Amino acid sequence: MTREAGAPDPRRGILGRATGVVYWFLLVEACFLLAAAPAFLGLLLLERDASNLPLYALCLVPVGPAFSAAMSTIAARSDELTVWPHFWKAYVRNVVDVLWVWVPALALATVLGITIAYGAAVGVDGFFVVAAIVFVVILALWTANALVIASFFSFRARDIARLALYYLAARPLVTLGAFSYLLIAAAIVTFTSDWVLALLGVFFAAFAVINAKAMTADIRARFVTPEG
C-alpha cells in the first residue's frame, strides 16, 4: 500500500515524530544493553558486598565503551532511524580512547572503595577515609568529563586526562550537572537495582551529552584545528 500523492506524510505529524523519537531512543538503549551485556551478566552473579569491589570493577569495563557509543549516537541523531550502524561505528571508533581513561578510573575507584569500606576495620585514620570519599567524588566527575571528551575528540590519553581535570573548574555548571546525574545514578543503584540503572542508560547518556555542550563547544573552539 502506498501513500496517495499530495497526502501528508504521517511521520511528519506530531504523533509520528513523537513515536519516531521514542523508537529511536529504544534502539539506542537496546544497542547499549547489547554492548554492555557482559558487564550486566557479571554483575547479576555478584553479591552486593565490598569484598567484591575488584570483581565489580572488572565487570564494569565494557560499560564505558558502550556508554560512549550511546553518547556519540545521541549527539549525531537525525530523522533517520538507522541507529545500529551509527552505534557500532561510534563504538569501534571510540573504544581504545575510552578504555585508556575508563580502566585506570575503575582501578583507582576500586582502591579508594576498599579504603572506604575497610579503613576503619584495619585502623586507617578517619581523615584518610574521608579523603578517600572526596577523591571518589572527584574521580567520578573527572571520569564523566573524560568519557565525553574521549567520545567526541581524538586526543592523546594524557591530553584527555588534563582537559577533563581542567574543565572540572573551568566549567562549574557542567561539573554540577555531572554531579547531579551521578548522584541520581547512585541513588537508583542503592534503592533499586543495577538493572534499573541499565534500563535508563540512554537517558543518562542524553543528559551527559546535553550537560557537556558548553565544555565540548569550548574544546572545539580552543583545541581543535579548523581541519578537525
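Keep in mind it's a predicted model, so treat the numbers as computed, not measured.
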**ring-ring contact (aromatic ring centres under 6.0 Å, His included) partners of W195, counting only residues at least two apart** =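 Per chain and number, W195 pairs via ring-ring contact (aromatic ring centres under 6.0 Å, His included) with F40.
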
**Request:** Check ring-ring contact (aromatic ring centres under 6.0 Å, His included) between F153 and all other residues, then give those that pass, not counting sequence neighbours.
**Result:**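 Partners of F153 under the ring-ring contact (aromatic ring centres under 6.0 Å, His included) test: F155.
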
Is [Y] reachable from [X] through a run of hydrophobic residues whose side-chain heavy atoms are each under 4.5 Å from the next?
X: I210; Y: F32; answer: no
X: L147; Y: F179; answer: yes
X: L33; Y: W84; answer: yes
X: F135; Y: L53; answer: no
X: L139; Y: Y166; answer: yes

Can you measure from [atom1] ([X]) to [atom2] ([Y]) and round to the nearest 0.5 angstrom?
X: C31; Y: H86; atom1: SG; atom2: NE2; result: 11.0 Å
X: I188; Y: L183; atom1: CD1; atom2: CG; result: 10.0 Å
X: N145; Y: T175; atom1: CG; atom2: OG1; result: 5.5 Å
X: I149; Y: R162; atom1: CD1; atom2: CZ; result: 13.0 Å

Which side-chain N or O atoms in residues 106-117 pair as donor and acceptor under 3.5 Å with protein atoms at least two apart or in another chain?
| residue | atom | partner | partner atom | Å |
| --- | --- | --- | --- | --- |
| T110 | OG1 | L106 | O | 2.8 |
| T115 | OG1 | V111 | O | 3.0 |

**Of V96, D97, V92, V98, the residue whose pairing with P65 passes side-chain contact (heavy atoms from CB on, under 4.5 Å)** =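 Running side-chain contact (heavy atoms from CB on, under 4.5 Å) over V96, D97, V92, V98 with P65 returns exactly one hit, V98.
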
**side chain to side chain donor-acceptor pair (under 3.5 Å) contacts touching residues 38-49 (sequence neighbours left out)** =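 Side chain to side chain donor-acceptor pair (under 3.5 Å) check on residues 38-49 returns D49-S51.
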
With sequence neighbours excluded, what pairs up with [X] under the side-chain hydrogen bond (donor to acceptor under 3.5 Å, both in side chains) test?
X: S68; result: N94, S151
X: Y118; result: none
X: R156; result: D159

**Request:** Would you indicate whether the side-chain heavy atoms of C59 and L46 approach each other to under 4.5 Å?
**Result:**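 In contact.
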
**Asked** Does the side chain of F152 reach to within under 4.5 Å of the side chain of V209, using non-hydrogen atoms?
**Response**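 Yes; the side chains approach each other to less than 4.5 Å.
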
**Message:** Suppose clustering is done on Ile, Leu, Val, Met, Phe, Trp and Tyr with side-chain heavy atoms closer than 4.5 Å. Which residues sit in the same group as L176?
**Reply:**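 ILVMFWY cluster around L176 holds nothing else.
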
**Item:** Heavy-atom donor-acceptor pair, S180 side chain to G177 backbone, under 3.5 Å
**Value:**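 Looks like yes, one N/O pair under 3.5 Å.
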
**Asked** Okay, side chain of W102, backbone of L60: is any donor-acceptor separation there less than 3.5 Å?
**Response**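 Yes; at least one donor-acceptor contact below 3.5 Å.
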
What side-chain donor-acceptor pairs closer than 3.5 Å can you find for residues 198-205, not counting sequence neighbours?
none

**Message:** Test side-chain contact (heavy atoms from CB on, under 4.5 Å) on Y23 and V83; report intermediate values, then the result.
**Reply:** CA-CA 10 Å; Y23 178 69; V83 171; over 6 Å; no

**Prompt:** In terms of heavy-atom contacts, does CH2 of W100 have more than 12 from other residues, nucleotides or ligands at under 6.0 Å?
**Reply:**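 No.
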
Sequence neighbours excluded, which residues qualify as side chain to side chain contact (heavy atoms under 4.5 Å, CB included) partners of [X]?
X: A214; answer: R171, V174
X: A178; answer: L141, A144, Y181, N211
X: A146; answer: V101, W142, I160, A164

**Request:** For I74 and W24, work out which heavy atoms get closest and say how close.
**Result:**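 In terms of heavy atoms, the two residues are closest at CA-CH2, 3.4 Å.
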
